[in-house]
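Note sheet for the following structure.
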Amino acid sequence: MNRTLMRALIDLAVSIELTSDDDIEPETATTLIDELAASLEDLSEAERDELIDYIEELAAATRDRDRREVLQDLPDALALTDD
């Protein structure tokens with residue numbers, strides 16, 4: 001997968017998750033993440049693994065605790081894992 005596109009997708013999802021409830025309604029945020037997850041359903045297993053690996057790489061590299069926590073939860077939030 002293209003790392004630039006993966007980074008854009010990840011940054012969008014993290015921004016949605018980190019935006020305060022005053023700036024975006026929680027229901028709207030949930031809908032946006034759910035729609036993003038639905039779009040990713042067509043990824044192959046190899047593409048999912050690559051995306052998860054990149055998310056984990058970004059989480060390990062960030063010093064911002066809140067961003068790291070969102071990144072660590074992102075594979076589940078985007079329904080990329082079997083859990």
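Using a 4.5 Å heavy-atom threshold, the side chains of E45 and E50 count as separate. In this structure, the side chains of L80 and D49 stay at 4.5 Å or more apart for every pair of heavy atoms. With contacts defined as side-chain heavy-atom distances shorter than 4.5 Å, the pair L32/I24 qualifies. Annotation: side chain of L58 is in contact with side chain of R7 (closest heavy-atom distance under 4.5 Å).
The side-chain hydrogen bond (donor to acceptor under 3.5 Å, both in side chains) pairs that include a residue from residues 27-42 number zero, where partners must be two or more places apart or lie in different chains.
Taking 4.0 Å as the cut-off between side-chain N and carboxylate O, R67 and E17 do not count as a salt-bridged pair.
In this structure, the separation between CD on E56 and CG on L74 is 10.5 Å, given to the nearest 0.5 Å. Note: I33 CD1 to L12 CG = 7.0 Å, rounded to the nearest 0.5 Å. Between the CG atom of L9 and the CG atom of N2 there is a distance of 11.5 Å, given to the nearest 0.5 Å. Atom OG1 of T62 and atom CG of L71 lie 6.5 Å apart (nearest 0.5 Å).
Distance alone, capped at 3.5 Å, is enough to place a donor-acceptor pair between the S15 side chain and the D11 backbone. Side chain of R68 to backbone of A59: no donor-acceptor contact under 3.5 angstrom is found.
Of all the heavy atoms in A77 and A37, the pair that sits closest is O-CB, 4.2 Å.
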